[in-house]
Amino acid sequence: MYSLPIFVSTFVKMKKTVIPSFVQHIIPWYLENKRDLPWRNTQDPYSIWISEIILQQTRVQQGMSYYHALLHQFPTVQDLANAPQDQLFRVWQGLGYYSRARNLQLGAQLIASEYQGNFPKSYDEWLQVPGVGPYTAAAVSSFAYDFPKAAVDGNVLRWVSRYLGSKDPIDLPGTKKNIQLLLDDWIQHASPHVFNQASMEFGAILCTPKNPHCAVCPLNEECQSFKNDWVDAIPVKEKKIKTSNLYLYAALVTNQQEQMMLEKRPPQGIWGNLYTLPFLTFDTEVPMEEALAQLNERFPNPNNWKLETPEPIIHLLTHRRMHVYIFSNLLDVMPKNAYKFGSWISKDEAKGLGFPRVFEKFLTHKGHL
DNA sequence: TAATCGTGGAG
DNA sequence: TCTCCAAGATT
C-alpha cells in the first residue's frame with residue numbers, strides 16, 4: 001500500500017496536536033543550556049544580519065573575532081555601504097567565501113538607499129537582499145522582528161531527519177522543502193526567535209554530527225533514530241565530497257623601489273576582487289620548466305627565477321588540494337612597465353588590502369606585509 | 001541543477 | 001595524515 005513520505009505524514013499528524021513535543025522539550029532545554037553569544041543579546045537587525053552572513057558555513061569560534069571587527073570598523077549600515085571595498089576585504093581577510101563580503105556591501109547599499117537606512121522586516125523582504133538566502137532571511141527576520149519563519153540550516157536538517165528517522169538525503173532540495181514546511185508549522189507554537197535559536201543550538205550542542213549526546217538528550221525517548229540505532233547512519237547525504245589536485249605557480253616579483261607586483265583577482269571565481277601574486281594554475285602537475293616558461297611569457301624577465309618554496313605549500317580547499325609553488329625574481333630588475341596585468345604596490349599600500357590566507361601567510365613570513 | 005566558493009577545527 | 005564539514009548562497 002502507498003505510504004506518505006515521512007515528512008508529510010509527520011506534518012499531517014502534528015497538525016492535529018496542540019503543541020509539538022519538540023517545542024515542549026527543547027525550549028526549556030535551550031533556555032537552560034544556551035551559549036552566551038553576542039548576537040543573541042541584541043535585536044539590532046544590522047548586528048544580527050552581519051553575524052548571520054559571517055556564520056554561513058563558518059563555526060562560531062572562527063567567526064567571532066570577525067563579527068567584532070566588522071562592527072567596530074563599520075558601526076552603521078551607512079558606513080558599510082560607503083566603505084572602499086579594499087577596506088572591507090582587509091577586515092574580511094582570512095575568513096573565506098569572499099562573495100559574502102561583496103554581497104554584504106551590496107546589501108548595505110540596497111538598505112541605505114532603497115530602505116533609507118531602515119531595515120527589511122519580513123522574510124520575503126530579507127530574501128531580496130544580496131547574499132541573503134532562505135536560511136539567513138528566516139534567521140534575521142525572526143531574531144530581529146520575531147517573524148515566524150523557520151531557519152533551516154545544517155544543524156536543523158540533521159536533528160529533524162534524525163528525530164523523524166528519515167533517510168531522505170538532506171542535500172536534496174525536496175528534503176529541505178519538506179523540513180521547512182514541517183518547521184514552519186511548528187514555529188507557530190512558540191516565540192519564533194526562541195524557536196529558531198533553540199532549534200539550531202540543539203543541533204549544534206546535543207545532536208552533533210559525530211558522537212551526539214543522546215544519553216542526555218531530552219528527546220531521546222521519542223527520537224526514531226535513537227530508538228532504532230540509526231543515529232550514526234542519519235543524516236544521509238547523496239553527494240560525496242571528492243577532492244582533486246590543483247597546481248598553482250605564483251611569482252613574487254619586486255623592483256628596486258621595494259614594490260611588489262600584485263594582481264587584483266577578477267570578480268568571478270576564487271578569491272574574487274582580492275589581491276594575490278600573479279599566478280598560473282593547472283589541473284595536472286606540469287614540469288617545473290614548463291611552469292617557468294609560462295611565467296616568462298608573462299614577465300619579460302631574464303630566465304632567472306628562484307624557487308621560494310622547495311616544498312609546495314599545500315592549501316586545502318573544500319574540493320581541491322592546492323599545491324602552491326612560489327618563484328621570485330632573484331637578481332633581475334623589473335622595468336616599471338614590464339607587466340601590464342598587475343600593479344606595483346608598496347609594503348604600506350599592501351597592508352591595507354585583502355589577501356587570501358595562503359598569500360597573506362607567505363608575504364608576512366617574507367616581510368612583504 | 002550541479003558546481004563553485006575558503007578556511008580551520010574536530011575526530 | 002585524512003576526511004568531514006560548519007548558523008549557505010549564487011549561477
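Residue numbers begin at 1 in each chain, while the letters A, B, ... track the order of the sequences. None of these values were measured; they are calculated from a predicted model.
Atom CG in Leu104(A) sits about 21 Å away from atom P in dC5(B), given to the nearest Å. For Arg320(A) and dG6(B), the CZ to C1' distance is 14 Å, given to the nearest whole Å. Rounding to whole angstrom units, CD1 of residue Ile53(A) and C1' of dC5(B) are separated by 15 Å. The nearest whole Å value for the distance from the NZ atom in Lys239(A) to the C1' atom in dT4(B) is 11 Å. Protein atom NE2 of His315(A) is 12 Å distant from nucleotide atom P of dC5(B), rounded to whole Å. Put simply, NZ on Lys176(A) is 12 Å from C1' on dT1(B), counting in whole angstrom units. When the C1' atom of dC2(C) is taken as reference, atom CD1 of Ile314(A) falls 13 Å away, rounded to whole Å. The CZ-P distance, from Arg102(A) to dT4(B), rounds to 16 Å in whole Å.
Separation of the Tyr249(A) and Phe282(A) ring centroids falls under the 6.0 Å cut-off. If you look at Phe147(A) and Trp126(A), their ring centroids are not closer than 6.0 Å.
Through chains of ILVMFWY side-chain contacts below 4.5 Å, Ile234(A) is grouped with Trp230(A).
Contacts between residues 63-70 of chain A and DNA chain C, counted as heavy-atom distances below 4.0 Å, involve no residue at all.
Within a 6.0 Å sphere centred on CG of Asn41(A), other residues, nucleotides and ligands contribute more than 12 heavy atoms.
For Arg321(A), counting side-chain heavy atoms from C-beta on, the closest listed nucleotide (dT7(B), dG11(B), dT3(C)) is dT3(C).
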I need a per-nucleotide contact map over nucleotides 5-11 of chain C, read 5' to 3'. Cutoff is protein heavy atoms under 4.0 Å; write B for the base, S for backbone only, - otherwise. BBBBSS-
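Thr243(A) and Arg320(A) form no side-chain donor-acceptor contact under 3.5 Å, judged by distance and modelled atom types alone.
dT4(B) and dA7(C) have their P atoms separated by 24 Å, given to the nearest Å. dA9(C) and dG8(B): their P atoms are spaced 22 Å apart (whole Å).
Within the nucleic acid shown, Gly94(A) comes within 4.0 Å of sugar-phosphate atoms alone, with no base atom in reach, counting heavy atoms only. In this structure, Leu95(A) reaches the bases: a heavy-atom distance under 4.0 Å links it to at least one base atom across the strands shown.
The side chain to side chain donor-acceptor pair (under 3.5 Å) pairs that include a residue from residues 100-121 of chain A are Thr58(A)-Arg100(A), where partners are two or more places apart or lie in different chains.
Comparing Gln61(A) and Leu316(A) against DNA chain B, the residue whose closest nucleotide sits nearer the 5' end is Leu316(A).
Nearest approach of Lys347(A) to His368(A), heavy atoms of both residues: CG-O, 3.6 Å.
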Just list the side-chain donor-acceptor pairs under 3.5 Å for residues 131-143 of chain A, sequence neighbours left out, or say none.
unit_1    : atom_1 : unit_2    : atom_2 : d
Tyr135(A) : OH     : Glu52(A)  : OE1    : 2.7
Thr136(A) : OG1    : Gln56(A)  : NE2    : 3.0
Ser141(A) : OG     : Ala137(A) : O      : 2.7
Ser141(A) : OG     : Ala138(A) : O      : 3.4
Ser142(A) : OG     : Ala138(A) : O      : 2.9
Ser142(A) : OG     : Ala139(A) : O      : 3.1
Ser142(A) : OG     : Asn196(A) : ND2    : 3.0

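For Asp171(A), the side chain to side chain donor-acceptor pair (under 3.5 Å) test picks out no residue, with sequence neighbours left out.
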